[in-house]
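All chains are named by letter (A, B, ...) in the order of the sequence lines, taking the proteins before the strands, and each is independently numbered beginning at 1. Given the structure is predicted, the values throughout are model-derived calculations rather than measurements.
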Amino acid sequence: MKEKLKKIKLLKRRSKPAGLPPGTLMYVGERKVENVRMIYIDYDEHNFDEKQVSAIEDCFAFKTTPTVTWINIDGLHDVEIIEKIGRQFELHPLVLEDILHTGQRPKLEDFDKYIFIVLTMLYYNSDNQTVETEQVSIVLGSNFVISFQERVGDVFDQLRDRLRNAKGRIRKMGPDYLAYSLLDAVVDSYFSILEKMGERIEVLEEELVTEPTEQTLQQIHRLKREMIILRKSVWPLREVISGLQRTESALIAESTSVYLRDVYDHTIQIIDTIESFRDMVSGMVDLYLSSLSNKMNSVMKVLTIIATIFIPLTFIAGIYGMNFNSEKSPFNMPELNWYWGYPVALLAMTIVAAIMLVYFRKKKWL
Amino acid sequence: MKEKLKKIKLLKRRSKPAGLPPGTLMYVGERKVENVRMIYIDYDEHNFDEKQVSAIEDCFAFKTTPTVTWINIDGLHDVEIIEKIGRQFELHPLVLEDILHTGQRPKLEDFDKYIFIVLTMLYYNSDNQTVETEQVSIVLGSNFVISFQERVGDVFDQLRDRLRNAKGRIRKMGPDYLAYSLLDAVVDSYFSILEKMGERIEVLEEELVTEPTEQTLQQIHRLKREMIILRKSVWPLREVISGLQRTESALIAESTSVYLRDVYDHTIQIIDTIESFRDMVSGMVDLYLSSLSNKMNSVMKVLTIIATIFIPLTFIAGIYGMNFNSEKSPFNMPELNWYWGYPVALLAMTIVAAIMLVYFRKKKWL
Amino acid sequence: MKEKLKKIKLLKRRSKPAGLPPGTLMYVGERKVENVRMIYIDYDEHNFDEKQVSAIEDCFAFKTTPTVTWINIDGLHDVEIIEKIGRQFELHPLVLEDILHTGQRPKLEDFDKYIFIVLTMLYYNSDNQTVETEQVSIVLGSNFVISFQERVGDVFDQLRDRLRNAKGRIRKMGPDYLAYSLLDAVVDSYFSILEKMGERIEVLEEELVTEPTEQTLQQIHRLKREMIILRKSVWPLREVISGLQRTESALIAESTSVYLRDVYDHTIQIIDTIESFRDMVSGMVDLYLSSLSNKMNSVMKVLTIIATIFIPLTFIAGIYGMNFNSEKSPFNMPELNWYWGYPVALLAMTIVAAIMLVYFRKKKWL
Amino acid sequence: MKEKLKKIKLLKRRSKPAGLPPGTLMYVGERKVENVRMIYIDYDEHNFDEKQVSAIEDCFAFKTTPTVTWINIDGLHDVEIIEKIGRQFELHPLVLEDILHTGQRPKLEDFDKYIFIVLTMLYYNSDNQTVETEQVSIVLGSNFVISFQERVGDVFDQLRDRLRNAKGRIRKMGPDYLAYSLLDAVVDSYFSILEKMGERIEVLEEELVTEPTEQTLQQIHRLKREMIILRKSVWPLREVISGLQRTESALIAESTSVYLRDVYDHTIQIIDTIESFRDMVSGMVDLYLSSLSNKMNSVMKVLTIIATIFIPLTFIAGIYGMNFNSEKSPFNMPELNWYWGYPVALLAMTIVAAIMLVYFRKKKWL
Amino acid sequence: MKEKLKKIKLLKRRSKPAGLPPGTLMYVGERKVENVRMIYIDYDEHNFDEKQVSAIEDCFAFKTTPTVTWINIDGLHDVEIIEKIGRQFELHPLVLEDILHTGQRPKLEDFDKYIFIVLTMLYYNSDNQTVETEQVSIVLGSNFVISFQERVGDVFDQLRDRLRNAKGRIRKMGPDYLAYSLLDAVVDSYFSILEKMGERIEVLEEELVTEPTEQTLQQIHRLKREMIILRKSVWPLREVISGLQRTESALIAESTSVYLRDVYDHTIQIIDTIESFRDMVSGMVDLYLSSLSNKMNSVMKVLTIIATIFIPLTFIAGIYGMNFNSEKSPFNMPELNWYWGYPVALLAMTIVAAIMLVYFRKKKWL
């Protein structure tokens, strides 16, 4: 069941029937939370305010305050909330559509007054050992950041702590630095996914060398699938971040650019690692197939050794099991009446077996 | 028969003998409708007029009206109609040729007075589980859009409803937005093809793990074929849409460009998904081949186990089936006359069999 | 023998010993015609003159007439003729060398006074089912086109008819349109080669599913070879045509450029189709190899079923063929003297066989 | 255990929990040295001073002297030292982070006052025949070079000798030439890794032809892994060096650029060689798999020859081992009572065997 | 031994220990000639002088003469000679290093006063059927060309003849044309290598179809190796020649550029052909592997036919070889005493065999 869910992830279903007008607001994912959770964090260098609100209107006042405000929405099924935000912060209908149509490709769109960023957050679900994806949409304005997530729970807890405790330089910086920090947290979380994958690759390599089973290949196949998902998230992310670096938007301060370069480097490193993993995994398929062939070879050798030793012996035994009537003719199986007949027959069999064994030894089958 | 039809799709036949002058008007496909169906939809923000006409001349008046007019032609075998349209709307002979020579690569051509777009519409034919293609040619003028299709039936019904019911912003926008909406409907329909493919991939993966048959690989092969067709339609589409975005033609309003970016993103997402599907399908071929090897291995093991157990036993039985005359010599098979001869022989056989079984257990064949 | 010829085609031999001075005139191909055939076609909108000449000098007068002249040379072994043309029309020695050294890569060279184009013409030789290549060299001057072919017979007959009958717009246009028409005819002929290949692919796919033999793979291999040849001709052609489109040479009129775009689109379509064919053919190799494995599997199963059923039975029969002396001991094969001995033995064998059959049924081998 | 270590190398673990503020200083590798070793070399054309210091502050004076100073730090676990250097030489916090977070991708960052370079140094560990990696970070300032290494021991000893002995032009040149020399030494060391790999490829090819075992493929697989690591180090290095060449930084003198071109050429040569190695190694997998098939074939042939010769013979022997009662009927096995019965039976067997042998000879199995 | 030599070629050993100062002059190859052979050819349109000198100083006078001088050095082990040339012609130390460190990647370096070119010359050694490489370094100055080769013997003999006999335009042209001629001769020699390879491919294809052996695959593997070497030489050559074409150096006359375009075209043609060969060779591996499978299949079929026919027959014979005592019970093998017992048994066996044969015929195994 869960496995099923994971498989569908490669292409998020756009339930919207083809042909609907663009900008139609309808959430296409499954409802992943009971209630939409709305939390705002409002801060500057000296003040900090964090609160969960029950009505989105409670956040609207921050639009004009000079402090930096981060509004985080967990849960997208309540389209009305999204619409209200859209009206208040003057977002383009297509932006709202993209927020709701989860499963988007990571992208960056620069509307003069705000920048819209779509990211994919990845979780490693240790229950069924699969990678799960969640779309995070970020709107960066002149003094606010709004982030939209499909469910509660994310990779931003450390970031919230830093905001609360005024650690690092984050409280002194503007909303662009906050948006960068969100990006950085998402990219950092990819590293832990990669580490998990790296460990599974090691385990599989170990298995391949010692005891490859049919499951091994299926696990390699699953690994490949997950790499495909990861790649689909990370490759476009590279463009997103390099787009942010190169943007001439006034929303991104010059001083933030060195940090964006840093997260860009991390993205490249992740891409490099994925490509290396792909190379390694494709090598593992070769290893597996050749291990199958080796196994077959060893099965065949055992059969061949047993059969080629005993088939001639059984033939000799068969000869002397024939009932030719030795009373009718001196040529009819006189061996049967010889004094040393039986011992000689056994000796002959032993010699034949020995010859075969020497032959196999020469062929290095033994 | 239908299967046959599908196979030819990869290269639409240009029946025109090589060397004919360019611009020769001749429909190269098969006649797919009885009569050409011509429908115009004429609208502005406040008025709406839709009518099926029997003579193409009935649509010519709209060339000069300020309203937006969408003329849709289903069926291309009547070359005369195409020629009349060409004369009335001053289309280049090569444009008319491209409309008739279906099987074109999607493309965009910017003639100052109009823009010519060729698209491929894809249907999933659930009868024979194949993807069928149809060329849609669109001419976008200053106040009209003419679309040409090979047969009746398309993915534009929702769009027509929106026009009729004045849903969305479409009735307030110009012909460029109408052309964009046609593009968007075609691209949206690709998503449903992809979903169908995704489902088939899942079914095949399930089959591969549980019960791979010769049909499985042939289905994978068919899937590959269809992806090749899909790819051939979508890759050039990317250039078409990015060409529309970058065009400096006065026919495309600035405000339409954000919508084109949206449909461009969808195209990229489709391409990404096709590439991911290709990766997965090629992994499935590996899975299949290794499952064949595994099957062979298990067949071989059964044979080897049975043969290596019974061949030595049969040999022993053969030994004591020999007819050496024990009356002639005390060495001739004295075992046959021993008191415990038979039980000992049976015991020996049991021991040989047991050794073999232990060996197989050690080799993990059992 | 013919097969041999075809195989050498991948690399046309440059018989010229390495190190000869560039511009040395020597025909490197085999002599394919008895006599060089020289035909000129001289025309403008109102006049038309076509004549086969025996001396090349008869064509030289056209160099200065205002009419368009097409001089076509079939056969390259008479180097003197080529040299005379070179002197008269002031061609660069390297151009003459390229005309004679057939097997060139398609290319475009823009010498101010003329444009030099090398193309590859492809024929499907239905005798031995191979694709044959021939180099066509075209020199486009301000009022003349000279084309050089290795042998009599080409794909330009329809074009000549159009010139004779003043069909299409060709008689009203300049030599650049004539050169375009030659290009277009060559590209059109590629489509028919592709159709032939498409048909062969279908036949092979049919064969693969029903009755794959060793010949099937060899035919796939030959198909691959021919695609390699086709690719080598078409890929550089793309650059040639796009070079013609982008050239600033006064020899190409503005009005011809839309036609060049058309032929360029066709070239891209051919390249797309070749790439699709390649993808499909490589999938067919997988199908073939797995069909081999499947065959082997079914052979093995038959052997295993027969052997594993009869080997134990034969063993039982062997047991009761032993000659232990039942008179010496009550334990020596008392079964042989039982009243129901033989029927029980037969029953035991039947039960063993039935167990095996049930096992195979469970394993789905039957 | 060591093997394990090597395997983790593909993705250096970023132990920093995701979400930490950027610029947090924490060494993520394992502690590879007991104490941090700090050595400075201070020189100009005429003077030379080399000293190991116990406190990093002893090197700080050189910041303002006109001589060139190379400060080399072996060991990164003492974060305080790195922080002090950062403060004294005014390095950006992200630079310090990159120095400590070993496992970075090679990169070049140009901060106006200094240039920051990250390299990967590779060692061939002959104990366990693996390639080990170590990050070298270089900070190039106007009159100093600071290099950071994870452990004691590097490829710079020859360079130090040249500095001590004033060999070459190095003592006359500035810190940019020193940084180039470090780069050059690292790149040179790659050649020796490549040589080692080349030798192993040769050995493996030899093995493949003469005596391929299961180990052979595993070694090929390990070779592939190491090439992946090498590639990950060298590809980005190319960008680093070409970045240095193209930089407009005042820190790189014009005269150094020809040397950078030289080291760039070497990098390209290394990349070429790695790609060639990859091609060769992938060909070796084919060779290995086909050698497996060949082996299987030869095993099968032996089995088939033995079985097909003796099975019919055993059948004939079986016939004459039947106990049909010849006294009850003249048709019941009269052969058994013939005078020449037995010799004729043996002859028949010999003939059958001979026919089989002739058949195998014709099939070229013998 | 020779085979060994060839294998090392993929990576020429840089014996220079890592870390040596750049510009250190030391020849890294093996000494391939006894004595260095130095020959100069000095010419203009009217005069020609060719002489082998014993001291390099004898050539130094030509540095200032207006004639074109070609100094050719065969043998690089005498570093002193190279140093003297370097001093006299003012070559950069890195140029001298590149001349001596053979195994360089082909490259072009433009020092204002001279252009430095490194090429790879390839020989087909027919003794051991391998391709051998030799580095040719060319220095092109304003009135001289100096070429350095590792051993006596090259592809320039025809060129020398043309110089001696004043054939072609070479004696009228400057040193740039001479350098071009050297390039052209090297590129031409690649064609003959390709022809050799083409012939070997044909032979191998023939072998694959008729009689593939284990050697066949090893030869395919060797062919692949040589293509890798060839590719490593030719790909960078493309950049070298296109660099020469695009250079703004005063050393390359405008008129030479059309010749460079010609040699560039040849290089592209060679690259195309290598790529086609690679495609074909990789197809041959498929053919080989499937021919192995086919062989195995046919071996298995023979075994299966023989075994499945005779195993049941032997079982029947075994039945009637049992010794159930028919005197004790009427059910104990009454058949043995039947009048038609034996003939009926033989008939039964014949029928079983016939059924089997029909089955195999149906399965198309016979």
**Study point:** Matching residue for E:Asp272 among C:Arg105, C:Lys232, C:Arg231 - test: salt bridge (Lys or Arg N to Asp or Glu O under 4.0 Å)
**Key:** C:Arg105

Heavy-atom distance under 4.5 Å to chain E: side chain of [X], backbone, both or neither?
X	answer
C:Trp235	neither
C:Lys107	side chain
C:Ile220	neither
C:Asp98	side chain
C:Leu313	both

Revision key, fill the gap. Correct closest heavy-atom pair for E:Lys328 and C:Tyr339 would be O-CD1, 3.7 Å

Point to revise | Plane angle bin for E:Phe324 and C:Tyr320 - parallel if under 30°, tilted between 30 and 60°, otherwise perpendicular | key: tilted

Check your understanding: Under the ring-ring contact (aromatic ring centres under 6.0 Å, His included) rule, what pairs show up with a residue in residues 283-311 of chain E, not counting sequence neighbours?
Key -> D:Phe315-E:Phe310

Option that, when pairs with chain E are counted at under 4.5 Å, heavy atom only, ranks first among [options]:
options	answer
C:Ala345, C:Gly318, C:Gly341	C:Gly341
C:Leu303, C:Thr314, C:Val299	C:Val299
C:Thr304, C:Leu289, C:Leu217	C:Leu217

Under a 4.5 Å heavy-atom cut-off, does chain C meet the side chain of [X], its backbone, both or neither?
X	result
E:Ile170	neither
E:Met296	both
E:Val258	both
E:Tyr359	side chain
E:Arg160	neither

Check your understanding: E:Asn332 side chain to C:Tyr342 main-chain N or O, any donor-acceptor pair under 3.5 Å?
Key -> yes

Exercise for review: Check whether any side-chain N or O of E:Asn323 sits under 3.5 Å from a backbone N or O of C:Met322 as a donor-acceptor pair, and report yes or no.
Suggested key: yes

Review point. Side-chain contact, heavy-atom cut-off 4.5 Å: E:Asp265 with C:Glu109?
Key: yes

Practice item. List the steps, then state whether side chain to side chain contact (heavy atoms under 4.5 Å, CB included) holds for E:Val209 with C:His221. Key: CA-CA 11 Å; E:Val209 171; C:His221 191 64; over 6 Å; no

Check your understanding: For E:Glu205 and C:Arg225, what are the C-alpha separation, side-chain angles and deciding distance, and is it a salt bridge (Lys or Arg N to Asp or Glu O under 4.0 Å)?
Key -> CA-CA 12 Å; E:Glu205 289 209 317; C:Arg225 266 196 104 106; 2.3 Å; yes

Review point. Does the side chain to side chain contact (heavy atoms under 4.5 Å, CB included) test come out yes or no for C:Gln218 and E:Leu208, once each step is laid out?
Key: CA-CA 10 Å; C:Gln218 277 165 33; E:Leu208 269 180; over 6 Å; no

